[in-house]
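Following: one structure in structure tokens, then a few remarks.
Protein chains get the first letters and strands the later ones, always in sequence-line order, with residue 1 at the start of each.
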2 protein chains.
Amino acid sequence: MEKYDALKIENQICFPLYACSREIIKQYKPFLDELDLTYTQYLVMMVLWEKKVATVKELGTTLYLDSGTLTPLLKKLESKGLITRARSKTDERNLDVAITEQGEELKEQALSVPEQIAKCSNLEPEEAVMLYKILYKILKQGT
Amino acid sequence: MEKYDALKIENQICFPLYACSREIIKQYKPFLDELDLTYTQYLVMMVLWEKKVATVKELGTTLYLDSGTLTPLLKKLESKGLITRARSKTDERNLDVAITEQGEELKEQALSVPEQIAKCSNLEPEEAVMLYKILYKILKQGT
DNA sequence: CTATATTTAATTGCATACAATTGAATTGGA
DNA sequence: TCCAATTCAATTGTATGCAATTAAATATAG
């Protein structure tokens, strides 16, 4: 163990995490292109397909993103007709983001995305479960 | 198992990967701020602390980044005096990126980064090893 | 009840990421 | 040898990420 070993890329855990994340997002691209969605837009749509409505704050908490990222992205989804944006009537600080009929329709088409992505993985099921557990353990630590 | 379950955030492996990557990079920020480096700049410097010289192509292969990301980033590191950029004499298509004396000096200071980051982790050593193995298995698949 | 503190989304500025294109240099085949 | 194909870095355009600030709305302490 040499003095500078800790500074080598191959001895870091963050780098493969960072690289893997981007490589897998690249795998999504051809499938998401068919929906005319970016990966981040797809994440927002996934939350709304499940919850129908969420504030910017809630989207940010769920996706670990802030308003600086979400505001322009949501305006884009709005311009595509997939969502609506409106101030909450009970608390005007909140912006309610709601899925539209058109947004709902995209859900059917989106079903093919996880289907096709699943085929790309070479992980054993136990590895996927292990990976999932470890990643959420790390994420929970920030709570 | 409902029809749309595969479209839920919590059933995806890519999302926690993406979120984890960004959360851990945020943990690096206060330490990297002291070196006046961003995380990506730090990655490039790590390669050069080890290899002294590398072409843009080699940096890109190692870090999974392309010239569109690296070119402006390398110009910034050059303007800080940490690296030099010069066309290779044997093949002018290649750009040789080399560490400077000042870049070498930063290595000492950088030693504290992995030290302090290690303290932030709540993973068991076996979990870290498992995570590392799985991530590199995914990365190798793209080779 | 009111001044202050807090919460929330938007904005600004900077730094990536990356697809697609360009242009220069080199390679390899006819 | 010569030219078509390939390789490589740079450029362009779009889309994030995120820290820091701003401004409006709401909550809270006194």
Across nucleotides 9-18 of chain C, 5' to 3', mark each nucleotide with B, S or - according to how protein heavy atoms within less than 4.0 Å reach it.
SBB---SSBB
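Running 5' to 3' along DNA chain D, contacts with non-hydrogen atoms of chain A at under 4.0 Å begin and end at D:dA15 to D:dT26.
Side chains of A:E127 and A:Y132 form no contact here, defined as non-hydrogen atoms less than 4.5 Å apart. Under the 4.5 Å side-chain criterion, counting only non-hydrogen atoms from C-beta, A:E50 is not in contact with A:K107.
Looking at A:Q41, its side chain does come within 3.5 Å of a backbone N or O of A:T38 through a donor-acceptor pair.
At its two ends the helix from C:dC1-D:dG30 to C:dA30-D:dT1 runs along axes set 20° apart, each axis drawn from five pairs and the angle rounded to 10°.
Using a 3.5 Å distance cut-off with no hydrogens or angles, the side chains of A:S88 and A:T90 do pair a donor with an acceptor.
The residues B:E78 and B:R85 are annotated as salt-bridged, a charged nitrogen and a carboxylate oxygen being separated by less than 4.0 angstrom.
Every pair passing salt bridge (charged side-chain N to carboxylate O under 4.0 Å, His left out) that includes a residue from residues 20-49 of chain B is listed here, sequence neighbours excluded: B:E23-B:K26, B:K29-B:D33, B:D36-B:K80.
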Identify each donor-acceptor pair in which a side-chain atom of residues 111-119 of chain A lies under 3.5 Å from a protein atom, sequence neighbours left out, and give them as a table.
| residue | atom | partner | partner atom | Å |
| --- | --- | --- | --- | --- |
| A:S112 | OG | A:Q109 | O | 3.0 |

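Here OH of A:Y39 is found 8.5 Å from CD1 of A:I24. Values are rounded to the nearest 0.5 Å.
By the side chain to side chain contact (heavy atoms under 4.5 Å, CB included) test, A:V53 pairs with A:D96, A:A98, sequence neighbours left out.
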